[in-house]
Amino acid sequence: MSGTESVKIVIVGGVAGGASAATRARRCNENAEIVLFEKDEYVSFANCGLTYYIGGEITERSKLLVATPELFKNRFNIDVRAKHLVQSIDVENKTVSVLNQATGEAFTETWDRLILSPGAAPIVPPLPGIDAPNVFTLRNLNDTDAIKEYIEQHNCQRAVVVGAGFIGLEMVEQLHHLKMQTDLVELQPQVLPPLDPEMAKLIQQELTAHNVNLHLGTALEKVTVENGTAVGVALGNGTTIDTDLIILGIGVSPATGLAKAAGLEIGKFGGISVNEFMQTSNPEIYAVGDAVEYMHGVLMQPLRIPLAGPANRAGRIAGQHAATG
């Protein structure tokens with residue numbers, strides 16, 4: 001297949017992986033028919049900027065929107081359909097069944113090459129009180145709006161962040177920026193668990209210097225609820241903390257349901273297995289982003305790395321290969 005051949009590429013999911021795949025495929029093949037289905041309202045947004053909008057460092061919400069369906073159509077001739085949920089893949093007949101969530105209409109779409117960018121879902125542990133309305137996860141623009149609105153409407157003074165990964169630490173910084181007393185809870189004995197302990201120590205010193213209370217090596221046990229609202233948390237080491245809101249940054253689990261149902265191979269870390277061209281165990285189906293296991297360039301073993309950078313690069317590889325072979 002060359003870059004001049006007509007091929008129909010269907011992409012499931014937007015944001016970093018899917019949107020990069022779509023635009024790269026177009027740049028490599030101007031005759032390809034490209035359709036992108038995104039289950040949420042926003043196809044391409046700056047997910048790395050969400051915390052900074054909550055904290056007020058990014059002042060305009062519009063700056064979080066990278067590209068709209070109209071821009072994809074006008075600039076790249078890519079058919080982008082938001083609020084369209086892909087429900088299943090028919091590998092044999094090369095179709096996907098799609099639900100238009102705005103109208104309730106269901107239909108099937110054919111493909112020659114399929115690129116999966118289903119992302120991942122925030123982990124919410126099944127603990128007492130965890131479903132209170134002021135316990136939040138942060139994954140998309142709707143979550144961002146909900147957190148920002150709650151802080152403003154309820155004049156929040158105290159917050160608990162659970163999980164000291166990238167999102168958790170960014171969230172702590174931005175809540176501090178909003179002059180809120182912030183407690184950070186992490187199950188591992190250090191912040192940013194993948195980091196070397198001596199590096200993590202420097203970050204911990206910085207957090208403490210800014211009056212962030214660190215609770216390391218202990219788990220969230222339960223959320224205390226009064227009148228339907230979370231008012232505190234209890235930790236595994238016996239500590240209790242009063243709070244106005246709770247943000248969970250415990251991690252994400254890959255959205256592999258579609259891939260599993262289509263019989264695609266899943267790796268040992270629970271992500272979709274891909275080769276160097278992002279092809280799955282079915283060479284006509286590609287996968288990119290948070291749902292995938294990539295080969296780690298240093299460790300030379302597959303790992304799940306749910307970050308925007310790898311998703312962008314993987315998207316470009318998949319888009320180019322799907323469009324040109």
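Classification of E198 and K201 as a salt-bridged pair fails, no side-chain N sitting under 4.0 Å from a carboxylate O. The pair E152-K148 counts as a salt bridge, with a side-chain nitrogen and a carboxylate oxygen less than 4.0 angstrom apart. A salt bridge links R158 with D244: the distance from a Lys NZ or Arg NE/NH1/NH2 to an Asp or Glu carboxylate oxygen falls below 4.0 Å. A salt bridge is defined here as a Lys NZ or Arg NE, NH1 or NH2 lying under 4.0 Å from an Asp or Glu carboxylate O, and E38 with R81 fails to meet this definition.
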Extract all donor-acceptor atom pairs below 3.5 Å that involve side chains of residues 303-313 and protein atoms in other chains or at least two apart in sequence.
residue: R304; atom: NE; partner: F269; partner atom: O; Å: 3.3
residue: N312; atom: OD1; partner: S20; partner atom: OG; Å: 2.7
residue: N312; atom: ND2; partner: A308; partner atom: O; Å: 3.2

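Around NZ of K222, the count of heavy atoms belonging to other residues, nucleotides or ligands within 6.0 Å does not exceed 12. Residue M295 qualifies as enclosed at atom CE: its count of foreign heavy atoms under 6.0 Å is above 12.
Side-chain contact check for I54 versus T144: some heavy-atom pair is nearer than 4.5 Å. Counting only heavy atoms from C-beta outward, the side chains of E276 and Y294 never approach each other to under 4.5 Å. Within the 4.5 Å cutoff, the side chain of F37 has heavy atoms near those of the V10 side chain.
Grouping the Ile, Leu, Val, Met, Phe, Trp and Tyr side chains by contacts below 4.5 angstrom, directly or via other members, places Y53 with V161.
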Evaluate the side-chain hydrogen bond (donor to acceptor under 3.5 Å, both in side chains) criterion for residues D145 and N142: first the C-alpha distance (whole Å), next the side-chain angles of each, then the deciding distance (0.1 Å), finally the verdict.
CA-CA 5 Å; D145 292 338; N142 296 344; over 6 Å; no
